[in-house]
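Note that the structure is a prediction, hence the values are computed from the model and not measured.
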Amino acid sequence: RAFLAALPQDEPGGRLRGFRLLGRSLIDQGRPLAAAQAYRTALGHAQEPDPAFYRECAAAYLAAGASYRDEALHILDEGVERLGPLPVLVESAVDLELQAGRLDGALRRLEQLGQAAGTTAFMTLLAAFKVLLCRTTGQTDLVVGALPSGFGLQTLRAVIEAGRNYVDISFMADNPLPLGELAARN
């Protein structure tokens with residue numbers, strides 16, 4: 001805390017960097033709740049905070065125990081409110097909702113992510129399913145079948161002539177994309 005007091009008030013970002021260093025130091029000392037409070041204080045001083053601050057604060061709350069999961073979600077929601085639905089924040093919130101077994105919350109957040117990425121609900125859920133499959137199986141090259149509703153008549157005719165009633169959608173995850181970007185590429 002002496003370090004924070006010694007920082008010049010007029011140095012741009014000085015206090016913010018100081019609180020971030022304090023938070024990281026507290027994490028290293030095994031004091032995640034104190035670290036989360038330092039990050040939260042830093043966020044209060046930041047005019048344009050980095051989304052990583054919100055994630056670090058949420059991670060500190062999670063390190064303090066599962067009972068702080070809702071506090072971590074609250075921090076991520078504050079970040080979304082303040083910075084907009086950035087995929088990095090929304091994806092973290094989706095993960096936390098799923099860890100808590102709250103499917104409705106995860107779906108609501110996936111919908112928010114899809115809207116931010118400009119994709120349909122189907123494409124967003126397909127991207128989430130692909131990420132889930134990769135994480136669960138450890139595979140990096142997957143093929144998912146999907147019904148061809150919404151395709152034009154010529155495309156549908158070609159699918160039927162090939163003797164199939166689904167379309168193969170391949171996916172390679174050796175260089176995973178953020179979920180929002182993946183949904184936009186589907």
What's the shortest heavy-atom distance between [X] and [Y], and which atoms?
X: P85; Y: V80; answer: CA-CG1, 3.9 Å
X: A38; Y: L26; answer: CB-CD1, 4.3 Å
X: A72; Y: L96; answer: CB-CD1, 3.9 Å
X: L76; Y: Y54; answer: CD2-O, 4.1 Å
X: A60; Y: I27; answer: CB-CD1, 3.9 Å
X: C57; Y: L43; answer: CB-CD1, 4.4 Å

- Message: Could you go through Y68 and L62, starting from their C-alpha distance and side-chain angles, then the distance that decides it, and tell me whether this counts as side chain to side chain contact (heavy atoms under 4.5 Å, CB included)?
- Response: CA-CA 6 Å; Y68 289 96; L62 289 173; over 6 Å; no
- Message: Count I, L, V, M, F, W, Y as connected when their side-chain heavy atoms are under 4.5 Å apart, and connections chain through other members. Are L89 and F53 then in the same cluster?
- Response: yes
- Query: Quick check: are there more than 12 heavy atoms from other residues, nucleotides or ligands sitting under 6.0 Å from CD of Q47?
  - Reply: no
Taking side chain to side chain donor-acceptor pair (under 3.5 Å) as the definition, give me every residue that meets it alongside [X], ordered by chain and number, with sequence neighbours left out.
X: D50; answer: none
X: Q37; answer: none
X: R20; answer: E56

- Task: Quick one: do L98 and L103 satisfy side chain to side chain contact (heavy atoms under 4.5 Å, CB included)? Show the steps, please.
- Result: CA-CA 6 Å; L98 290 173; L103 187 57; 4.3 Å; yes
- Query: Looking at CG of L73 and CZ of R69, how far apart are the two atoms once the value is rounded to the nearest 0.5 Å?
  - Reply: 8.0 Å
- Inter-residue atom distance D70.CG - E97.CD, 0.5 Å rounding: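 It is 8.0 Å, given to the nearest 0.5 Å.
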- Is any side-chain N of the basic residue among D77 and R109 closer than 4.0 Å to the acidic one's carboxylate O?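 Yes.
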- Residues R40, E78: salt bridge by 4.0 Å N-O rule: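 The answer is yes: the pair qualifies as a salt bridge.
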